[in-house]
There are 2 protein chains.
Amino acid sequence: MTHSPWQPISPAKPARTPKEPLTRDRIVDAAMRLLVDQGYDAVSMRKVAQVLDTGPASLYAHVANKKELDQLLVDRAAEEMRLPEQPDPERWQEQLKDAMREMLRVMRANPGVARAAIGQVPLGERALLSTERILAILKAGNIPDQAAAWAVDLIPLYVTAVAFEETVQGAWAWTPEDVEGFVTGLRTYFESLPADRFPITIALAGSLTSGASGDERFEFGITVITAGLAALVQKT
Amino acid sequence: MTHSPWQPISPAKPARTPKEPLTRDRIVDAAMRLLVDQGYDAVSMRKVAQVLDTGPASLYAHVANKKELDQLLVDRAAEEMRLPEQPDPERWQEQLKDAMREMLRVMRANPGVARAAIGQVPLGERALLSTERILAILKAGNIPDQAAAWAVDLIPLYVTAVAFEETVQGAWAWTPEDVEGFVTGLRTYFESLPADRFPITIALAGSLTSGASGDERFEFGITVITAGLAALVQKT
DNA sequence: ACCTGAACACCGTTCAAGT
DNA sequence: ACCTGAACACCGTTCAAGT
């Protein structure tokens with residue numbers, strides 16, 4: 001909205017700037033707004049173009065294709081992640097769990113980002129900065145180099161998969177009653193399975209449907225991963 | 001292809017059965033063939049219908065929608081998984097890893113299945129039988145009920161995410177030269193990052209790009225998960 | 001170099017009409 | 001009950017033509 005002051009203001013068409021030039025940034029801005037407001041499916045080249053008051057073909061001068069736009073969105077979201085800059089060897093495990101919680105928080109705050117992120121290695125500069133921070137925590141914990149390298153692949157893979165599952169099921173929009181109904185329906189289904197072939201599933205029906213809201217399950221996941229990594233700490 | 005022997009064979013239109021009735025099974029068969037032969041994107045309601053020599057609308061009498069078809073495909077693939085029926089408390093960790101390897105094997109053998117599976121909790125009967133088998137292994141390992149229940153959520157989540165990443169990148173079709181080129185390109189990129197902000201990424205560039213073929217990374221992942229679960233074993 | 005309209009080759013799903 | 005053709009409301013991407 002930078003108006004040149006000497007620019008003639010036509011009285012007939014009010015307030016309408018004579019079309020700012022398209023840029024990568026404006027495209028990502030518009031796409032990000034669509035993503036957060038209306039979810040991943042709303043982010044189409046056509047709808048982004050429409051928001052920018054142009055046709056879809058115009059975007060291709062600034063963005064290679066939809067996949068690149070997805071990557072740009074992921075990188076934009078990565079910017080929001082607040083990860084510790086000062087790793088602490090004394091409590092690296094807690095720092096690592098906090099980092100994973102922060103990653104999930106940002107993905108939940110930007111519904112659809114997980115959908116854009118899943119299946120791609122995040123190589124944007126902001127995403128790589130997150131990787132750098134997590135590597136720092138792992139190094140502080142004395143994790144061997146190769147293990148740390150593979151861990152920074154495993155960690156976003158897990159967090160993104162969890163967030164993606166939530167977006168797909170639209171879980172973020174569920175009321176407590178929805179959750180309740182889903183859980184009891186699922187438990188009833190488990191308990192109705194043939195007892196000869198599904199003895200354990202039936203016996204654990206309660207546990208299997210517990211923690212459907214996601215937080216407990218996620219806490220379990222990051223505990224398992226952290227404990228598994230702790231088992232790899234270099235013995236000195 | 002069950003021909004009634006007394007069925008008249010019209011000499012004009014040879015070999016063409018007068019249209020077998022559509023069934024759920026025939027639809028899943030056709031979709032599965034498309035999935036394996038041409039990947040996930042080839043599995044559209046329209047293409048499946050075309051293979052069955054009908055229009056897309058006809059499928060909706062047997063399948064609720066595309067999402068249900070996806071679930072049926074996942075369940076079909078789950079049938080191929082050979083998981084141990086006799087859990088062994090002495091070597092539950094090795095059995096668990098084998099089970100995860102088997103899950104990945106089947107997903108690799110059916111490219112596109114991971115794409116159909118990602119983000120949905122597998123609730124088909126054959127998929128649940130896999131869950132039952134893995135629960136048996138975890139129980140043999142003395143994992144507490146609630147932990148076992150969450151673990152059978154975590155395990156397919158991880159394996160599916162790995163398989164999905166491979167399908168997206170088309171890694172299953174890469175030649176050793178492709179891998180080589182990708183790895184060196186990536187390492188060069190890491191090493192060219194600003195040294196003040198990415199010291200660890202640069203230092204670990206070699207490790208970060210190692211194991212791109214996937215097997216080593218997957219072995220690392222299942223080792224971490226198994227070790228993390230082992231840390232939860234009930235102390236008796 | 002950037003932008004555009006129009007076209008190409010697709011999607012999932014619905015619905016009235018047929019048998 | 002099952003099947004069909006046609007339509008609705010979409011996709012990502014390309015390309016010749018404009019400025």
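We name chains A, B, ... by the order of the sequence lines, and we start the count at 1 in each one. Below, each value reflects all heavy atoms present in this structure, side chains not excepted, and no hydrogens, waters or symmetry copies.
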Intra- and inter-strand pairs of DNA chain C in dot-bracket (Watson-Crick or G-U wobble, both distances under 3.5 Å; | for another strand): ||.|||||...|||||.||
Enumerate all atom pairs, one protein N or O and one N or O from nucleotides 15-19 of chain C, separated by less than 3.5 Å.
none

Between D:dC2 (P) and B:L59 (CG): distance, integer Å: 14 Å
Atom-to-atom span, CG of A:L22 to P of C:dT4 - whole angstrom: 7 Å
D:dC3 versus C:dC15 - spacing of their C1' atoms, nearest Å: 13 Å
Rounded distance (Å) that lies between atom P of C:dC3 and atom CG of A:D53: 13 Å
Measure all distances between protein nitrogen or oxygen atoms and nitrogen or oxygen atoms of nucleotides 9-12 of chain D, and list the pairs falling under 3.5 Å.
unit_1, atom_1, unit_2, atom_2, d
D:dC11, OP1, A:S44, OG, 3.0
D:dC11, OP1, A:K47, NZ, 2.8
D:dG12, OP1, A:M45, N, 3.4
D:dG12, OP2, A:M45, N, 2.9
D:dG12, N7, A:R46, NH1, 2.5
D:dG12, O6, A:R46, NH1, 2.7

With A:E219 via side-chain contact (heavy atoms from CB on, under 4.5 Å) - residues at least two apart: A:R101, A:I222
Presence of B:H62 side-chain N/O under 4.0 Å of D:dC3 phosphate oxygens OP1/OP2: yes
Partners meeting side chain to side chain donor-acceptor pair (under 3.5 Å) with A:R217 (sequence neighbours left out): B:D153
Nearest-0.5 Å distance, CD of residue A:E165 to OG1 of residue B:T160: 9.0 Å
Sequence-distant partners of A:F182, ring-ring contact (aromatic ring centres under 6.0 Å, His included), two or more places apart: A:W174
Pairs meeting criterion salt bridge (Lys or Arg N to Asp or Glu O under 4.0 Å) with involvement of residues 190-199 of chain B, two or more places apart: A:E125-B:R197
Interatomic distance at C1', D:dC8 relative to C:dC10, whole Å: 15 Å
Rounded distance (Å) that lies between atom P of C:dT4 and atom CG of A:L52: 10 Å
Where at least one partner belongs to residues 32-41 of chain B, residue pairs that pass salt bridge (Lys or Arg N to Asp or Glu O under 4.0 Å), sequence neighbours excluded: none
Donor on one side chain, acceptor on other, A:S210 and B:Q146, under 3.5 Å: yes
Residue pairs fulfilling side chain to side chain donor-acceptor pair (under 3.5 Å) with at least one residue in residues 102-115 of chain A, sequence neighbours excluded: A:E80-A:N110, A:E102-A:R105, A:R108-A:E166, A:R108-A:D215
Phosphate contact (C:dT4 OP1 or OP2) by A:S58 side-chain N/O below 4.0 Å: yes
Interatomic distance where CD1 belongs to B:I27 and P belongs to D:dC2 [whole Å]: 11 Å
Salt bridge (Lys or Arg N to Asp or Glu O under 4.0 Å) contacts touching residues 61-76 of chain B (sequence neighbours left out): B:R24-B:E68, B:D25-B:R76, B:D29-B:R76, B:K66-B:D70, B:D75-B:R126
Under the side chain to side chain donor-acceptor pair (under 3.5 Å) test, residues paired with A:S207 that sit two or more places apart: none
Partner set under ring-ring contact (aromatic ring centres under 6.0 Å, His included) for A:F218, not counting sequence neighbours: A:Y158
